[in-house]
Structure formats: structure tokens, C-alpha cells
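Beneath this line is the structure, given in C-alpha cells, with notes to follow.
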Amino acid sequence: MRTATLGPKQRVESLAAMAERELDVLVVGGGVVGTGTALDAVTRGLNTGIVEARDWASGTSSRSSKLIHGGLRYLEMLDFALVREALKERGLLLERLAPHLVKPVPFLYPLQHQGWERLYAGSGVALYDTMSMARGHGRGLPAHRHLTRRHALRVAPALRKDALVGAIQYYDAQMDDARYTATLVRTAVSYGAKAANRARVTGFLREGERVVGARVQDVEGGGEYEIRAQQVVNATGVWTDDTQAMVGQRGQFHVRASKGIHLVVPKDRIHSTTGLILRTEKSVLFVIPWGRHWIIGTTDTDWDLDKAHPAASSADIDYLLNHVNSVLAVPLSRDDVQGVYAGLRPLLAGESDATSKLSREHTVAHPVPGLVVVAGGKYTTYRVMAKDAVDEAVHGLDMRVAECVTEDIPLLGAEGYRAMWNARARIAARTGIHVVRVEHLLNRYGSLAEEVLDLIAADPGLGEPLSAADDYLRAEVVYAASHEGARHLDDVLTRRTRISIETFDRGTRSAREAAELMAPVLGWDKDQIEREVEHYEKRVEAERESQLQPDDQTADAARLGAPDIVPR
């Protein structure tokens, strides 16, 4: 197996290769389910291609709560099968598939009632741990524990004393969702898949009733390709219905979009050594450790406006602040908020009008010959969704196809990660990079950190941090463009790094420096650098304006004030 590079040259070659020879499977959609499907298909020996209209993970898969979890609240709904499945996947990701990207994270659940609540909540958490261990994938995570109020306040001093009578602490896991998805697609390419982002499906190829491929527009180069495939998998998430409309029908199920927003605040604003999970009138609220920050979320409201750029309104932000402040001794204000992001969950529509009641389970269908649709689900169970989608596609292939093997396929960077982690002090001494920086690289790239270090060895100036975002090295910006498929400044500041939500300036002070680092890799001239910076600044300005608006309609109108595609 070779390490895949998603540079500009490889992208053009992949589009040409997909158009040259019929594929076994073409995946439409570059989120976690689509990229997972591509990896599943190619590791079964199928000739596989994947296209994404914008950037990898640019939709829901970069805007989640960034948790890999079993779904503790689904136990309360008695959805034991979903929890059991998700806990197995959590264990696989932590232990085998992506230990460099998926990490344990503690949560504290404050108890507000004496007696019965500890028994009720404690039973649920105990069952959660037991189900995890029963699947054989509970190692590496500490068991839950019961805390007195005094002990809980030592662990989380930020809590108001009258906000709890005791607490339960348990563990789940987290990851950087966009980075995980980008690593998935690189892993698929390393096994032979062809992949191209900024490649939009404009229609399906038909022979009678059968779908036999797709027309794909190269959004960057302007060309159009006819890519033929024996089976096409529609993995477009909240765009499922729109994609289905291209074949003249909605399909066998309907996907509704539920908006969830998150706030990012500096670590010092909440004095705690653990994350928090709080019950709200509709669902639960998480306060999640995130490096030098906290992520607070999420909301759960119906959304039927622009899917590409869901907007957070002032009311959304107030909702989260009000709920988290109900338990904090020192309340948060708007001035404490560094970043805000909004994402859409693809929920399978049911009888209920409340999106919080819709199913997080997934569905796979074969609405017309040659076209498979997969929708619903949750990030944690992407691998199961991908397996089911490929299983369905295999029924339409006139060949014997191997069973799914992704349970045993580590993602790029996993192999050798633990050995490199143990040797991080020696790596720091060898490279002259501080050990804290080496740890940062290992937890973002795993053993692929050596490729980033090679860039620094060739140009020591790349070993310096970005001047206005010193969590990230200059080399990481270059690597994003040369190896990880970043095509625009927005791709780097929003998804390959998280500068857009981790700095008070939302990345505007880093924009020019990052664009100038990307320019040699992508062949930008001075005019294109200016366009990239201007586009990014307008995007941030539009997002800030949307977050001052009172409701979804006005927030959506303000967010759409910035153009979507950077002109070339």
C-alpha cells in the first residue's frame, strides 16, 4: 500500500481516469459516509471512484459535535440496538482503526435530585459501560464513577454549588470530524480509489430505467466528464432528496435537515478538568474539551433554508448561553465566544414534527437499477452505513465480491503511531521542534507527521507557527494543499485546521499568510491570492452578520451575502 497524496495533479488525473474506464462503484458525496463507502468498496477489490461537489467534509461532516459516542441518551429511548452498534464502532476506532485521531474524553453529569436521580442515571451509565465491555471493545476507557457534590466541584470548579447535589462521571471519545473524513478519503485512494473534490454531479447517465453513471462538472477547471459505473451510491446526506430529484423521483424515504449550532470559547472561561453533559427540555447539552477551547452544543431545530451554509442566529446563540449559564458560577457572555458554527443532521423523516424525535438510524435503498441511496445515521456508525451501502450495491454487480474488511483496515497514520508517540522526545531532539509541537502533529496526522516534518527539513521556515494562530505550524498549511486536497483558503482555515473557530478574529489575520503559503503549491498568482483573501474575509463578515439576526430567515439572508465559489 502506498501513502496517497491528494495534490492538484492527482485530482486532475483522478477525474480523467474515472472518465476513461467504467467503474464498478461511483460514490457521490464526500462526507464521512461517502468516503467510508469508497474505502469499503475499494478494499473489497472494486474499481471505485468518489466525487464531491465542494470540499471533503464541507457539509455535515465538518460541523458536528466532534464526538464518537454510543449515544447515552438513546438508552433512555430504549434504542438498545443503536447504542450497542455505536459502542462497538467507538471501540474499534479508539483501539484499532484510528487511535491517532480518536481520543477518550471525560464527561460529568450533574445530579439535581437526591436519591432517585442517582439510581436512575447511574443505572443508565452502568448499562452503557456494560454494553461496551460486552462487545469486547471497552478497553482503554475508564469505567464511570459516582461523585459527591464536593468531589464534583473539585473536578469542575466552574459549576455553581446550588446546581448539583452530586454527579456521575463517564467517558466517551472525540475526534476532529473534518480531519477524520479527509484521512478516510486519503486511505481509500491509497488502496486505489480515484477521488476528486470540487467535482459536481449535474445529472445521471441513463440507459432506459437504469442509472449507468453521472455527468460531473469540474468546478475548478471548468470541464465536464461522463463517468460511467455499474453502480452509483448516493451518499449526499442532507442533499439526498436533491440528488434523487436528478433521476426524476424522490426515492423511498425523505431526509429532513435538523440544524445544530455550537459555540467555541477559550479554555480559561470555564474552570474544569472534565467535559459536561446537561439535560435540557428537548435533549442534552454538551460542554466538550477541545484543545485550548471548549465546544458548547448543540441545538436541534428544523431547517429548510440554504443547505450549504446553515446560519446560526442570535436566538440560537442565546439559547446555548442561557442553558450553560444556568449551571456556571461565572456566566459566559457574547464577548467570550471565539467561534460559532452550524451544521445540519440528515434525519430520516417520520411521523413526528420535532426533529429531536426523528430517527438517527440509517436506511439503504435501491430506488432504481444502478443507484443505491444511503441516508440517516450518525457519525460514529459511518462504517456500518458504508458496509450496508456497498452490500446493496454488490447485489447489482455481475461478479463475486468479497465481504467487508474495513473492521481490520486502519486509517493512514494509525500504523506506527503509538511507537512514534513513545519516541516523541527523540523526534523533537532530532528535528529541533519542541516536543509539544511534535505531540500536536502526531495527534493530527499520526505517523504521517513524518511527511510534515520532511517539509520542515526542506524549508526550516515552515517549522514556525502561523503568526496569528500559533497552534498551527506554517508547514501544515502547505501540507494541506500538497497532500490533503485543499483547493482554497477556506478549505485550510475552516477544515484542514480549525483557525476559523479557534481565534477571535475567525482566521482573518491568518488569511494572507496562509494564502501565500498555498500559492506555490496551487499555482496562484498575486491576483488569485487577493481573491482568496477577499472571499474569506467576506465569508467571515457574512457569518458575523448572520449571528446578529433574530431568526433563521434573516440569518440565512445575511449569510448568503457572501459568494460561495472563489472566481478564478
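Nothing fancy with the numbering, it's 1 onward along the sequence.
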Check Asp491 with Arg54, please: is the shortest side-chain N to carboxylate O separation under 4.0 Å? no
Where does the angle between the aromatic ring planes of Tyr479 and Tyr445 fall among parallel (under 30°), tilted (30 to 60°) and perpendicular (over 60°)? perpendicular
Closest non-hydrogen contact found for Ala57 with Ala178 is CB-CA, 3.9 Å
Flag the pair Tyr382 / Tyr180 as yes when their ring centroid distance falls below 6.0 Å, and as no otherwise. yes
Quick one: do Trp524 and Leu522 satisfy side-chain contact (heavy atoms from CB on, under 4.5 Å)? Show the steps, please. CA-CA 6 Å; Trp524 293 348; Leu522 299 175; 3.5 Å; yes
Do Arg418 and Trp421 meet the cation-pi criteria used here (NZ or CZ under 6.0 Å from the six-membered ring centre, within 45° of the axis)? no
Under the 3.5 angstrom rule, does the side chain of Glu52 hit a backbone N or O of Gly30 as a donor-acceptor pair? yes
Are a donor atom and an acceptor atom from the side chains of His100 and Asn443 found within less than 3.5 Å of each other? no
Check step by step if side-chain contact (heavy atoms from CB on, under 4.5 Å) holds for Leu473 and Ile456. CA-CA 10 Å; Leu473 300 179; Ile456 296 170; 4.0 Å; yes
Carefully, step by step, assess Cys404 and Arg383 under the rule side-chain contact (heavy atoms from CB on, under 4.5 Å). CA-CA 10 Å; Cys404 171; Arg383 196 191 63 81; 4.0 Å; yes
Criterion ring pair (Phe, Tyr, Trp, His ring centres under 6.0 Å) on His488 and Tyr536, from CA distance to verdict: CA-CA 9 Å; His488 292 287; Tyr536 186 78; over 10 Å; no
Would you confirm whether Thr381, through its side chain, and Lys378, through its main-chain N or O, come within 3.5 Å as a donor-acceptor pair? yes
Arg96 side chain to Glu407 backbone, donor-acceptor under 3.5 Å: yes
Mind checking whether Val364 and Glu392 have side chains closer than 4.5 Å, heavy atoms only? yes
How close do Ser500 and Arg539 get, heavy atom to heavy atom, and via which atoms? CB-NH2, 3.9 Å
Please name the pair of heavy atoms, one in Val374 and one in Ala235, separated by the smallest distance, quoted to 0.1 Å. CG1-CB, 3.9 Å
Taking all heavy atoms of Glu476 and all of Arg444, pick out the closest pair and write down the distance. OE1-NE, 2.7 Å
I need the minimum non-hydrogen distance between Ala311 and Ala342, along with the two atoms involved. C-CB, 4.2 Å
Is it true that Ser58 and Arg495 share a donor-acceptor pair across their side chains at a distance under 3.5 Å? no
Would Arg559 and Glu543 pass as an ion pair if we require N to O under 4.0 Å? yes
Would you kindly say whether Glu89 and Tyr379 are connected by a side-chain donor-acceptor distance under 3.5 Å? no
Arg487, Arg496, Arg11 screened by salt bridge (Lys or Arg N to Asp or Glu O under 4.0 Å) with Asp55, the one that passes: Arg496
Arg345/Asp300 salt bridge by N-O under 4.0 Å criterion: yes
Heavy-atom distance under 4.5 Å between the side chains of Arg506 and Val340, does that happen here? yes
Distance only, no hydrogens: is a donor on one side chain within 3.5 Å (strictly under) of an acceptor on the other, for His69 and Thr380? no
Inspect the contact between Lys307 and Asp241 and indicate whether a charged nitrogen and a carboxylate oxygen are less than 4.0 angstrom apart. no
Side chains of Glu13 and Lys9, heavy atoms from C-beta outward: is any pair under 4.5 Å? yes
N-O pairing of Arg498 and Asp471 below 4.0 Å: no
Heavy-atom distance under 4.5 Å between the side chains of Leu23 and Thr48, does that happen here? no
Distance-minimising heavy-atom pair for Thr503 and Ala469: CG2-CB, 4.3 Å
Going by distance alone, is a donor N or O of one side chain under 3.5 Å from an acceptor N or O of the other, for Trp56 and Glu484? no
Suppose we call two aromatic rings close when their centres sit under 6.0 Å apart. Are Tyr171 and Phe107 close by that rule? no
I'd like to know if Asp176 pairs up with Lys103 as an ion pair, taking the criterion as any Lys NZ or Arg NE/NH1/NH2 lying under 4.0 Å from an Asp or Glu carboxylate oxygen. no
When you check the gap from the basic side-chain N to the acidic O, do Asp177 and Lys66 get nearer than 4.0 Å? yes
Verdict with supporting geometry, Ile68 and Asp172, side-chain contact (heavy atoms from CB on, under 4.5 Å): CA-CA 7 Å; Ile68 294 293; Asp172 256 318; over 6 Å; no
Return all side-chain donor-acceptor pairs below 3.5 angstrom for residues 224-234, not counting sequence neighbours, or 'none' if the list is empty.
| unit_1 | atom_1 | unit_2 | atom_2 | d |
| --- | --- | --- | --- | --- |
| Arg228 | NH2 | Glu207 | OE2 | 2.7 |
| Gln231 | OE1 | His366 | NE2 | 3.1 |
| Asn234 | OD1 | Thr236 | N | 3.3 |
| Asn234 | OD1 | Thr236 | OG1 | 2.6 |
| Asn234 | ND2 | Gln244 | OE1 | 3.0 |

